[in-house]
Undergrad: 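So that we are looking at the same thing, I have put the structure below in structure tokens.
Just so we're clear, the structure is a prediction, and the values are computed from it rather than from any experiment. Here is the naming used below: chain letters follow the sequence lines, and residue numbers restart at 1 for every chain.
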There are 2 protein chains.
Amino acid sequence: MANIKDIAKMAGVSVTTVSRVINNYPYVSAEKAEAVRLAMKKCNYQRNINAVHLSKGKTYLIGVVVPFSNHPYFGLLIEGIANAALKNNYKLVLIQTNYEKDKEIEALTMLKDKQIDALIVCSRICEWSVMEDYIEYGPIILCEDARGKTVASTFVDHYKSFTAALNYLYQKGHTRIGYCIGRRSGTNSEQRDAAYKDFLEENALSYNSDFIFSGCFNFEDGEKVVAKLIQQKSRPTALLVTSDQVAAGILTCCKEQGIFIPEDLAIMGFDNQPISQVMHITTLEIPLVEVGKKLFHQAMDGENVSHEEIPVKLIERETV
Amino acid sequence: MANIKDIAKMAGVSVTTVSRVINNYPYVSAEKAEAVRLAMKKCNYQRNINAVHLSKGKTYLIGVVVPFSNHPYFGLLIEGIANAALKNNYKLVLIQTNYEKDKEIEALTMLKDKQIDALIVCSRICEWSVMEDYIEYGPIILCEDARGKTVASTFVDHYKSFTAALNYLYQKGHTRIGYCIGRRSGTNSEQRDAAYKDFLEENALSYNSDFIFSGCFNFEDGEKVVAKLIQQKSRPTALLVTSDQVAAGILTCCKEQGIFIPEDLAIMGFDNQPISQVMHITTLEIPLVEVGKKLFHQAMDGENVSHEEIPVKLIERETV
DNA sequence: ATAATTTATGAAACGCGTTTCAATGCAAGA
DNA sequence: TCTTGCATTGAAACGCGTTTCATAAATTAT
């Protein structure tokens, strides 16, 4: 395989000139440029991208950390990031962690290695103190409220939006409100829990641990929630479900069990995924594709540490 | 930032020795190894991965081409690939094409560039003749029946499985059978269409273009299918739906419209995604995570062009 | 005791494109 | 006519780890 030197020799010019032609830099005479192009065509020349990477110290790769890739929430986020990446000639390196710390650290190591130019963490597992050590190696972008921290972030203020949702349900007359969440830990979950507790306190409602269902990620997890629900003698009358998928699963199973929505149980989803529209689920819209796009642009604008809050919108449909 | 030379100088050894220590090669005395390690720690040495890539001519990156990343079908496939990649110290570069040829060619170019060591195409758009030109640059793996072609593949024989599904419905008494599919073109779609036409001919049934619904990818697409369905005066009595998501969407909308499943309309899904279990949808199981794993291993075993057929299993539930 | 291995170690070549810097030629402005 | 400046062009340095090959020393085998 021919390299730039071979082409230079063949075209009777220097490698510098060849490089200039390849990269469309000025100051190359038309004849020489033509000669170079001819030589490249003749040899079916392909420049070695790794040499470019080494030389430039950049890879045009952005790491994206997600716990799962088969979840619509992350799917949409990735979609948004991928679209923006495409437009900017960047590629994504997907790092699926399955919520294992080691995997996340591997991603951070890739940043340190300079194998990726920046790292977007869609859902963080490592403690902040661990992440902090890697900031010096390149931009790290979080998809969680990171105000006050020294990395950029695009986020939903989950305290605020959870509070708004709870108040909405309260206004509708609900006082026995529960919620479904993915994992218990994590910034977002903690914000939500804080909002929940503050809401209870403010309205002099008592805390009931049975009203909190964790491990809710997918449609099928709704089944488990309903199974638990029907065993409870004093059920919640409303459920805040942090994923439309799960909400849809709950809805489907409730129908089967003869639990009427919203009469017996009000359900409020999150994200405004297409499924919520089809199933008429009242939900809190989060423009995930938009979030993904912003995340990418923050990754590009590495030095600038900004924090973008994404507003959510309550979409009233038929499950509350 | 220190490089290998600096470390060598510091430790009083040659760069070769440092390299040996880094890569755990034998033939380094304990003292020198220790000196090297000490120097590396002192400088917080990080080797430049791009130099490694250039030198080795490998990147430990595998490209994965998908049309969308927010679809459970591809999500599971990616999951399978990602898990296997993780175990083998490979990373994935996700290339989302949105079914645009240019994007796929970009992925092929990455292979040519040696930016990725192999390319897995989960859903092909480019004509085979285009792909063929890139085979010489590295392993290309297809997730479609590529027997007879010079690239490896892991696939479901969609002709066979579609035929089996059609016969199953026929045995159940259905003669007015339609099907829902994503795109019309593509190997898989063509195999299915061929199976469909052959089935009709064999059973002396007439072809009705109204019975074929394309553009069915997601849950919400089920809504459109049902909308069309209720406008038809002579409806199919059974529908083969090439995605559980869509099947679930159809099921949900049918319930709303008072169409009883399976009495008025039998529905058969594909993939055996969790949603089909929750909604009791009869389906054809495709072990997508397993497929992903196989795809990865074929990518690893580049020179060996193998074709792995994945058997599917009919899972009887309550929608037929 | 001698030959045959094995262990240790480093110089140098290799992979390859980018970029800086110096130099030459030529044209426009003074 | 002479400077100033832009257009062209290439040599060489740079980014950096891997690997081959030669050499020397230490073992083991014969």
Undergrad: Between Ile140(A) and Leu111(A), is a side-chain contact (heavy atoms from CB on, under 4.5 Å) present by the stated rule, with each step listed?
TA: CA-CA 9 Å; Ile140(A) 298 176; Leu111(A) 186 68; 3.6 Å; yes
Undergrad: Just by distance, do the side chain of Asn188(B) and the backbone of Glu190(B) share a donor-acceptor pair under 3.5 Å?
TA: no
Undergrad: Quick one: side chain to side chain donor-acceptor pair (under 3.5 Å) pairs with a partner in residues 63-77 of chain A, sequence neighbours left out?
TA: Ser69(A)-Gln96(A), Asn70(A)-Glu79(B)
Undergrad: What residues in residues 15-29 of chain B put a non-hydrogen atom under 4.0 Å from any atom of DNA chain D?
TA: Thr16(B), Ser19(B), Asn23(B), Tyr25(B)
Undergrad: Could you give the start and end, 5' to 3', of the contact zone on DNA chain D for chain B, using atoms under 4.0 Å from its heavy atoms?
TA: dC16(D) to dT20(D)
Undergrad: Considering non-hydrogen atoms only, spot the tightest contact between Asn48(A) and Asn50(A) and give its length.
TA: OD1-N, 2.8 Å
Undergrad: Looking at five pairs on each end of the helix from dA1(C)-dT30(D) to dA30(C)-dT1(D), what is the angle between the two axes, given to 10 degrees?
TA: 30°
Undergrad: Residues from residues 34-55 of chain A sitting under 4.0 Å of DNA chain D, heavy atoms only?
TA: Ala51(A), Leu54(A), Ser55(A)
Undergrad: Whether the side chain of Asp301(B) engages the backbone of Glu303(B) through a donor-acceptor N/O pair (distance < 3.5 Å, no angle test) should be reported.
TA: no
Undergrad: To check you understand the geometry: which heavy-atom pair defines the closest contact between His53(B) and Thr59(B), and what is its length?
TA: CE1-O, 3.3 Å
Undergrad: Where does the angle between the aromatic ring planes of Phe68(A) and Tyr99(A) fall among parallel (under 30°), tilted (30 to 60°) and perpendicular (over 60°)?
TA: perpendicular
Undergrad: Under the 3.5 angstrom rule, does the side chain of Asn23(B) hit a backbone N or O of Ser19(B) as a donor-acceptor pair?
TA: yes
Undergrad: How would you list, by chain and number, every residue that makes a salt bridge (Lys or Arg N to Asp or Glu O under 4.0 Å) with Glu104(B), sequence neighbours excluded?
TA: none
Undergrad: Side chains of Lys101(A) and Glu127(A), heavy atoms from C-beta outward: is any pair under 4.5 Å?
TA: yes
Undergrad: Hey, what do you get for CD1 (Ile105(B)) to CD1 (Ile95(B)), rounding to the nearest 0.5 Å?
TA: 13.0 Å
Undergrad: What distance do Asp271(B) atom CG and Leu288(B) atom CG have between them, rounded to the nearest 0.5 Å?
TA: 5.0 Å
